[in-house]
Engineer: 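Right, I'll just put the structure down here and ask away after.
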Amino acid sequence: MKARAVRAIRLRWKIFFYLAMFVLGLLCLLWLFQIVFLERFYRAITTQNIVSAADNLAQNIDHSDFDSLVENLAQSQDISIRVVDEAGRDISGYQVSYLAQIHGFDRLQLREWWRHAAAEGGIHFKTVDRSPQKLPEQKQREGSTASEGAMPANTPAFPWKIEFYPVENMIYARIVDRADGSRVLLLLDATITPVGSAIRTLQIQLICISVLMIVVALLLALVISKRVASPIAALNRSAKELAKGHYDTVFTGGGYEEIAELSDSLNYAAGELGKVESLRQELIANISHDLRTPLTMISGYAEVMRDLPGENTSENVQIIIDEAQRLSLLVTDILDYSKLQSGMQTLKPVLYNFTEEVRAIVERIAKLTESQGYRIQFEAEQDIWVEADEIQMSQVIYNLINNALTYTGEDRRVSLRQTVSAGWVRLAVADSGEGIPEAELPHIWDRYYRAKSNHRRGMVGSGLGLSIVRTVLERHGARYGVESELGKGSVFWFELPRADDPEEH
Ligand code: ADP
């Protein structure tokens, strides 16, 4: 009980664990991309924008409408642009942000950028850091003057108070040759808007999402485990009922295909168990009855012979012997069948003369039954070899002949016929008995089945003979069957694959 409780909790926690792992994985990815890599992505995209804008400008440097191209590019890409000649004179330009630095460059600074670009093969790219911006009024209060990288003179002053983050500018300088042989310096300036505040917002959002997701995962785990566990628990309850021997237990497990399939299988198993149970009870009743009859006879006759001197006759001894034989036949059948079913008896196929073997069996049985007026005939045109388990096959033949003898008509005749067709040898055992009603035909091969209608001469059978025949034949891949006509008799037949006659070669 305790172990089961632990397992139920485990299922719940396991589902929660997997869901939580999934949620955490997702959140980690979100954190990574939204927070850790956000700035890097932002910078990479800005760099790409600035370089492609510069390429565009360089290609169209001699275009008549260069100024409007500069304006368009600056506006669409949010990049400030300034184009100066070698003397430091402005040719074109557009400032999109007061934070752009290039428009505040004096001649000295411009010369410096020329120099760097020239030294680096025409392009100089640099991210310029600026200390936090201070508002003019703050600066005044602190009595400090604008240091390097301060706001350019043309930057509008904001009257309201803003907390600035450290500002960075990506400045890209490129020397471009014009058609007339002169050279110009392209300066592009993109402000890296600080992402700190965005990240902070995202962080708070992500924390909220994380908490929410964990709670949702927990709730989901509870709901899922409950929904998964409850049909299993129902099945378990029914299984316990079944274990107590209530074979009419019905397993009802719906909701999921797997559970429905499991309950179908369990219902089937319960049905089969029920059948086995009733068979077992029937078998015990049958066998104890069947065993009791010969035993009573044996002990009865033995007592008579002991107590009454005149009864000590050979006929009475014969009755005791007959009954003892019937007993031993019964026990042998039961043993054979259980051996076959348990798989203890494996097939040991050998190549042997099938016809010869049938002939020998017929002779042996004929000798035993002749005195009682039985006549057994065997017809075969040629000797046929087969590859089969000789002992098990002879058991089949014995059983069929025995049945035929038991159920044959008043003429007490049984005939066996061997016929041959391409690749197969067929043996048919025919009797002249009452036959088997059609309704019973499918059942006679079942274990413990004994037809009620045609039990004759108080013969004791185990009801296992034909089950043994069927099992052995099926193991050999043989075909088999029975044809029966009421009042005329039955023909039991089987067909085995032929083997080559080794004596022919
Ligand atoms: P049993 O030991 O009772 O003969 P079998 O398995 O050999 O058991 O046969 C099952 C039933 O099939 C028998 O009880 C009998 O009713 C029927 N049966 C078998 N062989 C014949 C036959 N040759 N003629 C008529 N009925 C037969």
Side-chain angles (χ1 to χ4, degrees), residues 275 279-280 282-294 322-323 325-341 358 361-362 365-366 368-369 372 374-378 392-417 426-475 478 480-494:
K275 274 192 220 159
L279 268 175
R280 192 178 65 86
E282 209 177 294
L283 171 74
I284 291 173
N286 280 349
I287 291 189
S288 51
H289 174 259
D290 291 346
L291 289 178
R292 207 181 304 126
T293 319
D322 286 350
E323 294 302 316
Q325 273 171 353
R326 277 169 62 177
L327 258 184
S328 108
L329 250 168
L330 207 87
V331 174
T332 318
D333 262 10
I334 296 171
L335 278 179
D336 280 350
Y337 186 72
S338 58
K339 260 198 246 166
L340 265 178
Q341 286 301 308
V358 179
I361 294 172
V362 168
I365 299 181
L368 273 176
T369 54
Q372 292 157 282
Y374 287 102
R375 297 266 307 278
I376 310 176
Q377 270 182 333
F378 175 47
Q392 292 189 26
M393 280 313 297
S394 56
Q395 212 177 350
V396 167
I397 299 161
Y398 262 116
N399 277 336
L400 290 181
I401 298 179
N402 261 338
N403 276 353
L405 286 172
T406 309
Y407 298 105
T408 192
E410 289 306 316
D411 62 356
R412 303 202 160 187
R413 286 174 84 98
V414 167
S415 56
L416 281 87
R417 214 179 131 80
R426 178 187 176 107
L427 185 73
V429 183
D431 63 66
S432 56
E434 287 172 15
I436 307 160
E438 211 171 317
E440 294 197 10
L441 275 181
H443 304 296
I444 56 170
W445 307 94
D446 293 347
R447 57 191 166 169
Y448 308 130
Y449 185 84
R450 292 158 68 185
K452 278 129 200 142
S453 56
N454 62 358
H455 256 191
R456 306 182 50 205
R457 294 186 211 113
M459 280 306 291
V460 177
S462 58
L464 287 172
L466 287 181
S467 317
I468 295 171
V469 167
R470 181 176 72 168
T471 313
V472 171
L473 289 176
E474 281 176 356
R475 281 178 156 204
Y480 62 94
V482 55
E483 278 128 32
S484 192
E485 210 176 315
L486 278 182
K488 285 202 169 168
S490 321
V491 181
F492 282 81
W493 60 268
F494 67 84

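If you read the sequence from its start, that first residue is 1, and numbering goes on from there. Read the numbers this way: they start at 1 and go in the same order the structure lists the ligands and their atoms.
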Engineer: For residues Phe494 and Val429, determine if any side-chain heavy atom of one lies less than 4.5 Å from a side-chain heavy atom of the other.
Structural biologist: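 No, their side chains stay 4.5 Å or more apart.
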
Engineer: For ligand 1, which atoms, with element, lie under 4.0 Å from some heavy atom of Ser490?
Structural biologist: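 Taking each heavy atom of Ser490 in turn, ligand 1 has 24 (N), 25 (C) under 4.0 Å.
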
Engineer: Could you check whether any side-chain heavy atom of Tyr480 comes within less than 4.5 Å of a side-chain heavy atom of Arg470, counting everything from C-beta outward?
Structural biologist: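 Side-chain contact under 4.5 Å: yes.
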
Engineer: Measuring from atom 17 (C) of ligand 1, which candidate in Ile444, Val469, Val414 has the nearest non-hydrogen atom?
Structural biologist: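 Result: the heavy atom closest to atom 17 (C) of ligand 1 is in Ile444.
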
Engineer: For ligand 1, is any non-hydrogen atom under 4.0 Å from Trp445's backbone (N, CA, C, O), its side chain (CB onward), both, or neither?
Structural biologist: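 Under 4.0 Å from ligand 1, Trp445 contributes no heavy atoms.
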
Engineer: Taking C-beta and beyond as the side chain, do Trp493 and Leu400 meet within less than 4.5 Å on heavy atoms?
Structural biologist: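 Contact flag for Trp493/Leu400 side chains = no.
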
Engineer: Do any nitrogen or oxygen atoms of Leu466 lie less than 3.5 angstrom from nitrogen or oxygen atoms of ligand 1?
Structural biologist: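 Between Leu466 and ligand 1, an N or O pair is found under 3.5 Å apart.
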
Engineer: Compare all side-chain heavy atoms of Tyr407 with those of Ile436 and state whether any distance is below 4.5 angstrom.
Structural biologist: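 They are not in contact (no side-chain heavy atoms under 4.5 Å apart), so the answer is no.
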
Engineer: Enumerate the atoms of ligand 1 whose separation from the nearest heavy atom of Gly465 is less than 4.0 angstrom.
Structural biologist: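 Counting atoms of ligand 1 from 1, those under 4.0 Å from Gly465 are 5 (P), 6 (O), 7 (O).
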
Engineer: Is there a side-chain contact between Asn403 and Phe492 in this structure, where contact means two heavy atoms from C-beta onward sitting under 4.5 Å apart?
Structural biologist: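 Side chain of Asn403 against side chain of Phe492, heavy atoms only: no contact under 4.5 Å found.
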
Engineer: For the 3.5 Å polar cut-off, considering only N or O atoms, please tell me whether Asp431 and ligand 1 meet it.
Structural biologist: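 So ligand 1 has an N or O lying under 3.5 Å from an N or O of Asp431.
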
